[in-house]
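Fair warning: this is a prediction, and the values are worked out from it, not measured in the lab.
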Amino acid sequence: STSMAAAAASFAPVSSRGGEFTGTIKKAIKFPDIDEPTLSIEDKFRLLKDIGFDGVELRYIHIGMEKEFIAARDKVGLPIHGVVNSSQPDLKSAIELCAAVGGEGILVTAPYDKTRPLMESWKERQDIIRAGLPHAEKHNVKILVENVWAGFLISVFDAVKFIDEVNHPLFGIYFDVGNNARWGVPEHWIPILGDRIGKLDIKEWDDNLHRTAGLKAGFSQPIGEGTINWEGVRASLKQIGYKGWATTEVGKADRTRLADIAARMGCQPCFLVDSTPGVPGATRVSEGLDKVYIQQVTLSCIHWGAMDAA
């Protein structure tokens with residue numbers, strides 16, 4: 001849109017396009033998950049950066065707010081790597097928002113209407129993606145389909161077929177490791193998907209809780225404390241040479257939980273926020289954020305940093 005183009009042109013970009021990423025997987029969080037309602041967009045960005053996140057991801061609800069996000073991005077120096085569009089059929093607006101804020105891809109889902117034949121949903125979603133690809137080409141923005149719990153694309157070979165039938169370099173998969181653990185083995189899917197993987201969503205899954213406490217209880221464990229074989233996941237990602245974004249999707253989080261999540265993701269520094277001044281060894285976080293202190297802690301991180309190039 002004209003307003004988005006004007007917003008993009010009026011600010012010097014801090015791009016999320018990291019080139020070769022120097023062998024490092026970059027860590028991000030979904031912006032709506034930041035549960036600090038009194039903070040401005042800029043201060044939320046600053047908090048994420050100080051905790052150790054490399055970037056952030058927006059959602060389609062932020063269409064029309066590009067000026068505010070671009071200003072925060074440039075003031076803080078925290079990239080915005082993409083936009084979650086979910087099942088919204090309007091890909092163009094999400095692509096434009098993504099391009100305006102310097103992102104590289106939008107997340108889409110493939111819903112399955114179980115009252116109709118499966119292939120109708122298959123073809124309908126592929127047609128929506130094909131219709132959006134000329135706009136994606138115009139803005140150099142990827143369209144990435146996430147593996148969700150729709151009862152659709154639950155086999156790695158279905159996912160490969162779905163992507164390869166569209167057959168476009170700007171179309172791939174947004175691989176959600178936690179979602180996948182219900183249907184398959186993430187470290188086994190990754191080598192088959194290969195360079196079709198454009199981005200990663202990260203959350204934990206606990207198969208034991210899923211069996212004993214109900215389906216969604218499988219997602220209740222903190223990252224690194226469930227049954228996902230993170231060492232195997234890292235090895236498979238290294239095997240395919242993945243260099244890109246890994247974004248946590250773990251629900252609402254205040255500054256204390258954000259710091260815990262960052263630590264579990266292996267972000268540097270790994271800090272736990274402490275709101276009480278005078279903690280021995282504590283350091284002030286974020287100029288302009290009142291009474292925010294941090295104390296270094298040791299957690300069972302999944303250590304994405306171990307994948308850095310030698």
Side-chain angles (χ1 to χ4, degrees), residues 30 57 59-60 81-91 94-95 98 104-133 136 141-207 210 215-216 218-219 226-230 232-233 236-237 239-240 242 244-250:
K30 314 284 185 184
E57 186 173 39
R59 194 168 173 82
Y60 66 87
H81 76 78
V83 175
V84 175
N85 198 51
S86 192
S87 61
Q88 301 298 309
D90 176 15
L91 303 190
I95 289 168
C98 185
E104 60 185 45
I106 66 167
L107 180 157
V108 300
T109 58
Y112 174 22
D113 182 349
K114 296 179 182 179
T115 67
R116 299 160 53 198
L118 184 149
M119 291 310 294
E120 287 186 13
S121 293
W122 181 285
K123 293 176 180 177
E124 182 178 272
R125 189 51 45 170
Q126 283 185 334
D127 286 344
I128 290 173
I129 290 163
R130 288 189 183 101
L133 281 169
V141 167
K142 296 176 183 177
I143 300 174
L144 302 171
V145 62
E146 182 188 14
N147 52 304
V148 295
W149 280 19
F152 192 56
L153 304 183
I154 59 175
S155 157
V156 67
F157 302 110
D158 287 343
V160 166
K161 179 179 172 65
F162 187 82
I163 294 163
D164 289 359
E165 283 182 355
V166 174
N167 190 26
H168 194 285
L170 289 178
F171 179 54
I173 189 166
Y174 202 125
F175 185 61
D176 188 312
V177 177
N179 283 350
N180 177 250
R182 179 190 174 193
W183 307 109
V185 181
E187 62 267 30
H188 295 169
W189 275 49
I190 290 165
I192 297 171
L193 292 171
D195 62 7
R196 297 175 185 86
I197 298 176
K199 294 186 182 185
L200 303 169
D201 260 356
I202 302 297
K203 54 179 173 277
E204 187 57 79
W205 174 256
D206 191 305
D207 202 48
H210 159 222
L215 192 61
K216 290 189 176 180
F219 288 132
T227 55
I228 292 177
N229 176 9
W230 290 110
V233 169
S236 291
L237 290 169
Q239 176 187 335
I240 68 169
Y242 179 75
W245 289 93
T247 303
T248 61
E249 186 184 28
V250 290

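Atom CG of Asn167 and atom CD of Gln126 lie 11.0 Å apart (nearest 0.5 Å). The distance from atom CG of Asn179 to atom CH2 of Trp149, rounded to the nearest 0.5 Å, is 7.0 Å. Residue Asn85 holds its CG atom at 8.0 Å from OH of Tyr60, rounded to the nearest 0.5 Å. For the atom pair CG (Asp207) and OG1 (Thr227), the distance works out to 5.0 Å, reported to the nearest 0.5 Å. To the nearest 0.5 Å, atoms CD1 (Ile143) and CG (Leu170) are separated by 7.5 Å. The line from NE2 of His210 to CZ of Phe219 is 9.5 Å long, rounded to the nearest 0.5 Å.
Residues Leu91 and Gly132 come closest through the heavy atom pair CD1-CA, 4.2 Å. The shortest non-hydrogen separation linking Trp205 to Gly178 is CB-O, 4.0 Å. Nearest heavy-atom pair, Val84 versus Arg59, reported as atom, atom and distance to 0.1 Å: CG1-NH1, 3.1 Å. Here the shortest heavy-atom pairing between Val185 and Asn180 reads C-OD1, 3.5 Å. Heavy atoms only, all atoms of each residue included: Ile106 and Cys98 are closest at CG2-CB, 3.9 Å. The heavy-atom pair separating Ala110 from Leu153 by the smallest distance is CB-CD1, 4.2 Å.
Here the side chains of Val233 and Leu237 are in contact, with some heavy-atom distance below 4.5 Å. Counting heavy atoms from C-beta on, the side chains of Phe175 and Pro186 come closer than 4.5 Å. Looking at heavy atoms from C-beta onward, Val166 lies in side-chain contact with Leu133 at the 4.5 angstrom threshold.
The ring pair (Phe, Tyr, Trp, His ring centres under 6.0 Å) check on Tyr112 picks up Phe152, with sequence neighbours excluded. Lys161 meets the side-chain hydrogen bond (donor to acceptor under 3.5 Å, both in side chains) test with Glu165; sequence neighbours excluded. With sequence neighbours excluded, the residues satisfying side chain to side chain contact (heavy atoms under 4.5 Å, CB included) with Ser87 are Thr109, Pro111. Applying the side-chain hydrogen bond (donor to acceptor under 3.5 Å, both in side chains) criterion to Asp158, with sequence neighbours excluded, gives no partner residue. In this structure Val156 satisfies the side chain to side chain contact (heavy atoms under 4.5 Å, CB included) test together with Trp189, Ile192, Leu193, sequence neighbours excluded. By the side chain to side chain contact (heavy atoms under 4.5 Å, CB included) test, Ile154 pairs with Trp183, sequence neighbours left out. Scored by the salt bridge (Lys or Arg N to Asp or Glu O under 4.0 Å) test, Glu146 finds no partners at all (sequence neighbours excluded). Under the side-chain hydrogen bond (donor to acceptor under 3.5 Å, both in side chains) criterion, His188 pairs with no residue, sequence neighbours left out. Residues passing the salt bridge (Lys or Arg N to Asp or Glu O under 4.0 Å) test with Asp176, sequence neighbours excluded: Lys203. For Leu144, the side chain to side chain contact (heavy atoms under 4.5 Å, CB included) partners are Lys142, Tyr174, Lys199, not counting sequence neighbours.
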Could you go through Ile228 and Val177, starting from their C-alpha distance and side-chain angles, then the distance that decides it, and tell me whether this counts as side-chain contact (heavy atoms from CB on, under 4.5 Å)? CA-CA 8 Å; Ile228 292 177; Val177 177; 4.2 Å; yes
Hey, mind stepping through Arg125 and Phe162 against side-chain contact (heavy atoms from CB on, under 4.5 Å) and telling me if it holds? CA-CA 10 Å; Arg125 189 51 45 170; Phe162 187 82; 4.0 Å; yes
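Applying the salt bridge (charged side-chain N to carboxylate O under 4.0 Å, His left out) test to every pair with at least one member in residues 177-198, sequence neighbours left out, gives these pairs: Asp164-Arg196. Screening residues 105-121 for salt bridge (charged side-chain N to carboxylate O under 4.0 Å, His left out) gives Asp113-Arg116, Arg116-Glu120, Arg116-Glu124 as the qualifying pairs, with residues at least two apart or on separate chains.
Proximity of a side-chain donor or acceptor of Ser86 to a complementary backbone N or O of Gln88 within less than 3.5 Å is not detected.
Between Lys30 and the choices Asp201, Thr248, Thr247, the side-chain hydrogen bond (donor to acceptor under 3.5 Å, both in side chains) rule is met once, by Asp201.
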